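One structure below.
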Amino acid sequence: MSTSTAFATESPEATAVREAAQRAAAAAPGVRAAGGSRVDAALRTAADLLREKQAELLAANAADVEAAERSGMAPGLLDRLRLTPERLADMATQLEVLADTPEPPAQREIRTLPGGERVYERRVPVGVIGAVFEARPNVTMDVASQVLKARSAAVLRTGSAALSSARALVELVIAPALERNGVPAAAVQLVPTPGHAGAEALVGLPDLVPLVVVRGSGEVTRKLSALGATAGTRILAHADGGGVLYLDASADPADVTRLVTESTDRLGVCNRLNLLLIDRPAYGRLWPVAEEALRAREITPSLPPHGHPLGHEWALDSGAEAHVTVAPVDGPLDAAATAARETSGLAATVCATDRTAAESFIDAYPGTGVFWNTTTRLLDGYKLLGLPETGINVDHTPGPRGPVTYVDLSLRQFVVLPPA
């Protein structure tokens, strides 16, 4: 089949995605040529516009939230969808922090070869980076800003529930900010069509969009990762979440209360407390403390025997987000093994006053983030690294892992120069 015939038989969603990718590809050289100063200036302008356009942005978001409520969206997902003046202010602050962040050197010397040739490693832009993410308007800004900081153009596809909010952010904030600072306004494209077909089309265009960040959790994300791999697209995927808290026999009850409380401030996010493991000898003493903290948050424990996998991610269980699974374990090594076996390996906390027990858990847990007496909610690009993130990559293979920021969104190139 000829290329023209293939394009002619594309679905409307695939055509819309391809056209958005082509516009982004045409803008990508202009982003690279703009350099750091103009991109950073655009991010600062975007922060100003978030404040100036607050009324219009909140109105667009309110329409999304109202429609989602009518369709029966669960409270946890509504919380992720909703924008508030405080959240817009936080988004603006994060853009300014990113703009003020000094970039690592674009080139560093590696070694001198025996013949005197000088070897350098250089970071170069990808060109166009795609992103598929859940119905969270703030992620529109997080991903767009990170991709721009990495000197690439972006094609964004958000959940249909947030499409009006994302469109308002692109049209009222991102595009004007780029244009005012000499960066192509077309550098950030939004897939305009709802539904999964657009996401599937985006991961199938390796020639135009060689890298796609796939956020969200569950089977849809795993399917997109498989489709992208088949097409030859590099996927940075965040397929599952769910934080683990292990209460060692040496845990201080005050720390137990604090960690349970801090880890359940939001129930619709991936790094919240999902699985609570308690050292068996201390179960009778520590569980009542944890139970009281959960009750104060109006969270229902799922106690043994369980009718579901231990790692069942409650944040994705519409209408049942206010649950935490509880299970006994036999010490720190069993806790670490259980956390690794039963969950995605996103993040786990050990609550302990015994250093040996804490270090045993830390050494045995292979997940993306491990914490001692601090909450898994800290596994977030802005909280952990001081930068917005495109997502959290939990791959068990070499490459960017944990919160993915603009530094991870570049290609490595080797440059060999003649002897000095």
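Here the structure is a predicted model, which is why all the values come from computation and not from measurement.
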NZ/NE/NH1/NH2 to OD/OE distance under 4.0 Å, D90 and R87: no
E292, CD: over 12 other non-hydrogen atoms inside 6.0 angstrom: no
Approximate separation, where rounding is to 0.5 Å, of L156 CG and M141 CE: 10.0 Å
Stepwise side-chain contact (heavy atoms from CB on, under 4.5 Å) check, L205 with V17: CA-CA 9 Å; L205 297 173; V17 171; 3.9 Å; yes
Test log, rule side-chain contact (heavy atoms from CB on, under 4.5 Å), inputs F361 and V370: CA-CA 9 Å; F361 181 89; V370 61; 3.9 Å; yes
Heavy atoms of other groups near R355 CZ, more than 12 under 6.0 Å: no
Output field: ring centroids F414/Y120 closer than 6.0 Å: no
Ion pair check, E121 and R412, cut-off under 4.0 Å: yes
Euclidean distance, N271 CG relative to I392 CD1, rounded to 0.5 Å: 5.5 Å
Cationic N near anionic O, under 4.0 Å, R297 to D265: no
N/O donor-acceptor pair under 3.5 Å between D248 side chain and A251 backbone: no
Approximate separation, where rounding is to 0.5 Å, of L310 CG and L277 CG: 7.5 Å
Any Q146 side-chain heavy atom under 4.5 Å of I129 side chain: no
Check: R80 side chain, A135 main-chain N or O, donor-acceptor pair, under 3.5 Å: no
Given E19, R23, Q22, the one that forms side chain to side chain donor-acceptor pair (under 3.5 Å) with Q189: R23
Side chain proximity check, V289 to T257, heavy atoms < 4.5 angstrom: yes
Between T375 and S263, a side-chain donor and acceptor under 3.5 Å: yes
Point-to-point distance, once rounded to the nearest 0.5 Å, from CG of L409 to OG of S152: 7.5 Å
Exam field: side chain T233 to backbone V203, donor-acceptor pair closer than 3.5 Å: yes
Heavy-atom side-chain proximity of K149 to V147 below 4.5 angstrom: no
side-chain contact (heavy atoms from CB on, under 4.5 Å) between V119 and T112, intermediate numbers included: CA-CA 6 Å; V119 181; T112 300; over 6 Å; no
Side chain to side chain, C351 and L245, heavy atoms closer than 4.5 Å: yes
CG-OG1 distance between L273 and T261, expressed to the nearest 0.5 angstrom: 10.0 Å
Any side-chain donor near an acceptor of the partner, D317 and H323, under 3.5 Å: no
Side-chain heavy atoms of V128 within contact of L208, under 4.5 Å: no
Minimum side-chain heavy-atom gap R272-T264 below 4.5 Å: no
Steps toward side-chain contact (heavy atoms from CB on, under 4.5 Å) verdict (F133, T390): CA-CA 9 Å; F133 50 93; T390 64; over 6 Å; no
Compile the donor-acceptor pairs under 3.5 Å between side chains in residues 163-179 and protein atoms, sequence neighbours left out, one pair per line.
| from | atom 1 | to | atom 2 | distance (Å) |
| --- | --- | --- | --- | --- |
| S164 | OG | D64 | OD1 | 3.4 |
| S165 | OG | N61 | ND2 | 3.1 |
| S165 | OG | D64 | OD2 | 2.6 |

Matching residue for V324 among N274, I299, L303 - test: side-chain contact (heavy atoms from CB on, under 4.5 Å): I299
Nearest atoms (heavy-atom pairs only) where A315 meets L77: O-CD2, 4.5 Å
Residue pair R266 / R377, side-chain heavy-atom distance below 4.5 Å: yes
Nearest non-hydrogen partners of A347 and F371, listed with the distance: CB-CE1, 4.0 Å
Nearest heavy atoms of E103 and Y406, plus distance in Å: CA-OH, 3.6 Å
E134/R215 salt bridge by N-O under 4.0 Å criterion: yes
Residues forming a salt bridge (charged side-chain N to carboxylate O under 4.0 Å, His left out) with E342, sequence neighbours excluded: none
Side-chain touch Q94/D142, heavy atoms, less than 4.5 angstrom: yes
Pair H308, S302: side-chain N/O donor-acceptor within cut-off below 3.5 Å: yes
T349 and W372: side chain donor to acceptor below 3.5 Å: no
Heavy-atom closest pair, residues V404 and L236: CG1-CD1, 4.1 Å
Check against salt bridge (Lys or Arg N to Asp or Glu O under 4.0 Å), R51 and E96: CA-CA 12 Å; R51 300 181 180 105; E96 290 169 337; 3.0 Å; yes
Residue pair E313 / G242: nearest heavy atoms and the distance that separates them: OE2-N, 3.9 Å
Flag, side chain of R38 to backbone of G182, donor-acceptor distance under 3.5 Å: yes
Shortest non-hydrogen separation from A290 to L276 and the atoms involved: CB-CD2, 3.8 Å
